[in-house]
Amino acid sequence: MAEAADIQGTGPSPARRWLRRTITVAFGAPLLAGLLQAPAVTSSASAAEDGTGSRTVDVSLNTLAPSAPVEGDTVTVTGTVTNHGKQTVTDATVGLRVGPRMTSRSEIEQVSGRTGYRSDSDPPVLEDAPTVKIPRLGAGLSAEFSVSVPVSELGLDAAGVYQLGVSLTGHTPDRRDDRVLGIERTFVPYQPEATEKKTQLTYLWPLISSAHVSAETATDDQQTPVFEDDDLATELKPGGRLDQLVSLGKDLPVTWVVDPDLLASVDAMANGYRVKEGALHVPGKNQAVAQRWLDSLEKAVQGRKVVALPFADPDIASLAHRGRDVPGSLGHLQSATALAGTTVETVLHVQPSTDFAWPADGAVDPSILAVATSAGADKVIARSDSVRDDLSYTPTAARPFGDGSTTAVVSDALLSTAFEGDMVRAETSTLAVQEFLSQSLAITLEQPEDQRSVVVAPQRVPSVAQAQSMATALHGLSGKRWSQPSDLLAAATAKPDPDASTAVPAGSRYPKKLRDTELPVQAFRDMKTTRDELDDFKVILTIQDRVVTPFGNAISREMSTSWRGQARDAALYRINVLDYLQTLTEGVQLVDKSDLTLSGRSATIPVTVQNKLLQDVHLVLRLTSGNKNRLKLNGDGVAELPVKINGGHSQSVKFTASANVNGQVPMTAQLYTEDGTPYGEPMTFNVKVSEITATVMLVIAGGVLLLVLAGVRMYSQRKRVAARNAEAEAAEADGEAEETDAETAEAEAHAEAPSEAAEGPEPVQPSDPTPDTGSESGDPSGPGEKVDR
């Protein structure tokens, strides 16, 4: 390509003139150094001053249009110059500098890292191009500029990538000579005609967010989901991050890479949701926003390739390095993978590909590869700074990996990281776009006779500004002069380069920066605890899906790649999930029971089970006697009864008990699932046994008989006493009557013969009264009466 550049054109271009001057200086420097020692020192000092002074003024490039010019175009560069020095700059000029055509991608990368003016490598200002005069620029002040130059005056000899510098040359009070006080460099990709072999370029367009949905649901029949916050709505609203990704992506030739959890969350919002607000759950207010975004996305992906990551985008590297040895951890990845396809198809009505795994930043090692393929993925999206190819050119992305059963799709690291960082500043975005386009052209020109397939896998969660810069770069490729769009499925099936590396990088090469942000082992232990409690809980439920689905999804979210760098928030989410599950499990419990006293040979012991859930549950209640010789249950020391309790009710379960010996017996009640697994905490209480033997019964019977006989005797005796008292009262009444009659007769006699009355004989005394032997009374004795025995 260099030879081709030399024979094109009829006159010396500015770049060629700069090259000649550089060669002259290079060959003449030893001679000058030998003849004039003092000037040589002065020249060195001047170069050092230039290096220092060239940072006095900051030159910012805000726009460069068109980004990939062709013959006949006019390139316009706009920007701002800002004086960061303490002195006023006078007689300043903003000019353009075009360097020679670059021959490698590494040269582009090297130039992009330079700061300050370097007289030995920076080309001179274009002689015939327009410049912008800035007579005076005070300290701390800024001035805008705009320079337009026809492509024909840029000296672009042949297809390739050229360095374009924009510099400010001026004076300061301490230096009256012209010198470069500021410079900024960018690149111009120049491919006036389409290449014969175009690079197949695949750009991944990620729709991924963080976890927003909790494990909680409302108590209605629809199980309205409860969100941790309403931040997702901010991303979905017009101008929001996710809104911009859809708005930009619908017009771009990209492969959509989607987290199914994001789709499920937005779909839940569209159908009604609630948001945590302190201890309350308030209705969500962004249903219309969610529905609008889903409608837009569904239209955007129709007829396009969609790749579904496992549900909630699990962190494969964390799982491989920290969670693999925790039992059950791999099961989370498998369930997340199984859920991915159905979720995307249900929400977007497209059939996605689910056989791709995408570790964080495309970094892989043997353990990551093993975990990624364990859930069914046979293609891994890696990155070239992890899978390094010792080649002078960029090979095709796809290649067999490890033992050949897995396909590695190795994305290009420089292109994939081109738009990381702050893209809000116009200059940062412009420089990133120009470097991206230039790198993509350089790839094509590395091996122009061979067509290769290149994949770009950008950051998982690009900001609005980053997404806009990515879109600008892809629009810059729309001319399809050196590349043409492809999709990830086609890239994965492209013919591999035989010289590309197929070795899996060793674990020791995994970046420490990435390892430090992985989920800790404790995170996977917490997931196991939650999963175990969920497994124990679900078997007692009659409608398991009401609990299993929201908690299963929450556990998948706990393993999300989005938690990297957010250890505290990740731990808090896991704690909230487990706490809520335990709240539900404690809704089915034994009601505390006080100690009992058991009198008699047999009785029943009631135990109450409470169900605060909204659905019916079924368990087994086991009651155990602490001393079966003293107290038996159903003829043994242990008794079990099945229990089925309706939602929101309690049920008393009665056990038949038989006593043998007096004393206190500790009892233990424990709920079990139907497969014999203990459920909840056991409850203990005491039963005081008062046993009644045969001898005691005989004594009690004899005492009762004596009491009956004594009562009969007392009753008879009371009747006899009452009868005698009645007879005595009757006799006394008769005697009084006879005495009255006698006194009356004597009075009459005295009246007839008074002398005889004094001397007559004494009166006759009445006899004793006759005893009263009337019938006995059947009434009981009166109170307080003394009963003779």
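If you read the sequence from its start, that first residue is 1, and numbering goes on from there.
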So which of K299, Q291, R292 actually passes side chain to side chain donor-acceptor pair (under 3.5 Å) with D295? Q291
So does T542 get a backbone contact from the side chain of Q615, meaning a donor-acceptor N/O pair under 3.5 Å? yes
Within 45° cone and under 6.0 Å: R304 NZ/CZ vs W205 ring: no
Please check if the side chain of R564 supplies one atom and the backbone of L514 the other of a donor-acceptor pair under 3.5 Å. yes
Hey, does V461 have a side-chain heavy atom less than 4.5 Å from the side chain of R241? yes
F551 vs T217 side-chain heavy atoms within contact, under 4.5 Å: no
If we only count heavy atoms from C-beta on, is the M269 to H212 side-chain gap below 4.5 Å? no
Atom pair CZ (F655) and CG (N634), whose distance is rounded to the nearest 0.5 Å: 8.0 Å
Enter the distance from Q651:CD to L621:CG here, rounded to the nearest 0.5 Å. 9.5 Å
Would you name the heavy atoms of P206 and W358 that are closest together and state the gap between them? CB-CZ3, 4.4 Å
Whether the S562 and S210 side chains hold a donor-acceptor pair (N or O, under 3.5 Å, no angle test) is what I'd like checked. no
Expected output: side-chain T255 to main-chain L488 donor-acceptor under 3.5 Å: yes
Would you name the heavy atoms of P260 and L309 that are closest together and state the gap between them? CD-O, 3.0 Å
Nearest heavy-atom pair of A370 and T373: which atoms, and what distance? O-OG1, 3.2 Å
Using atom types as modelled and distance alone, determine if a side-chain donor or acceptor of T561 lies under 3.5 Å from a backbone N or O of D313. yes
Please name the pair of heavy atoms, one in G647 and one in D616, separated by the smallest distance, quoted to 0.1 Å. N-OD1, 3.0 Å
For E681, look at atom CD and say whether over 12 heavy atoms of other residues, nucleotides or ligands are found less than 6.0 Å away. no
Check: L242 and L297 side chains under 4.5 Å, non-hydrogen atoms: no
Walk me through whether N553 and F311 qualify under side-chain contact (heavy atoms from CB on, under 4.5 Å). CA-CA 8 Å; N553 293 343; F311 190 91; 4.0 Å; yes
Any donor-acceptor pair under 3.5 Å from S329 side chain to G323 backbone: yes
Does any N or O in the side chain of S247 come within less than 3.5 Å of the main-chain N or O of Q244, such that one atom is a donor and the other an acceptor? no
Has the side chain of S556 got a donor or acceptor atom that lies under 3.5 Å from a matching backbone atom of A312? no
Any luck finding a side-chain donor-acceptor pair between H332 and E558 under 3.5 Å? no
Enter the distance from Q610:CD to S652:OG here, rounded to the nearest 0.5 Å. 12.5 Å
Quick one, L348 with Q302, criterion side-chain contact (heavy atoms from CB on, under 4.5 Å). Give me CA distance, side-chain angles, the key distance, then yes/no. CA-CA 9 Å; L348 294 183; Q302 294 304 315; 5.6 Å; no
Between S429 and Q468, do the side chains contain an N or O donor and an N or O acceptor separated by less than 3.5 Å? no
What I want to check is whether the side chains of D365 and H321 have a donor and an acceptor closer together than 3.5 Å. yes
Under the criterion side-chain contact (heavy atoms from CB on, under 4.5 Å), I'd like the reasoning laid out for Y510 against I368: C-alpha separation, chi angles, the key distance, then a yes or no. CA-CA 10 Å; Y510 190 81; I368 294 175; 3.5 Å; yes
Value rounded to 0.5 Å, distance of CG in D230 from CD in E277: 10.0 Å
Taking the side chain as every heavy atom from C-beta outward, state whether V364 and L369 have any atom pair closer than 4.5 Å. no
For V289, does its backbone N or O pair with a side-chain atom of N286 as donor and acceptor, under 3.5 Å? no
Roughly how far apart are L236 CG and D231 CG, rounded to 0.5 Å? 11.0 Å
Compare every heavy atom of S469 with every heavy atom of M423, then report the nearest pair and how far apart it is. CB-OG, 3.6 Å
For the residue pair W293 and V246, establish whether any side-chain heavy-atom pair is separated by less than 4.5 Å. yes
CZ of F685 to OG1 of T668, rounded to nearest 0.5 Å, is 8.0 Å
Hey, is NZ on K593 packed in by over 12 heavy atoms from elsewhere, all under 6.0 Å? yes
Pair E235, S209 - check side-chain hydrogen bond (donor to acceptor under 3.5 Å, both in side chains), show working. CA-CA 9 Å; E235 296 189 75; S209 185; 3.0 Å; yes
Determine, stepwise, if the pair T530 / M527 fulfils side-chain contact (heavy atoms from CB on, under 4.5 Å). CA-CA 5 Å; T530 304; M527 295 177 210; 5.8 Å; no
Are the side chain of D422 and the backbone of V424 linked by a donor-acceptor contact shorter than 3.5 Å? yes
Heavy-atom closest pair, residues T407 and A492: CG2-O, 3.8 Å
So M683 and V607, do their side chains get closer than 4.5 Å, heavy atoms only? yes
Are the side chains of F356 and V257 in touch, meaning some heavy atoms are under 4.5 Å apart? no
Please check this pair: side chain of N611 against backbone of N646, looking for a donor-acceptor N/O pair closer than 3.5 Å. yes
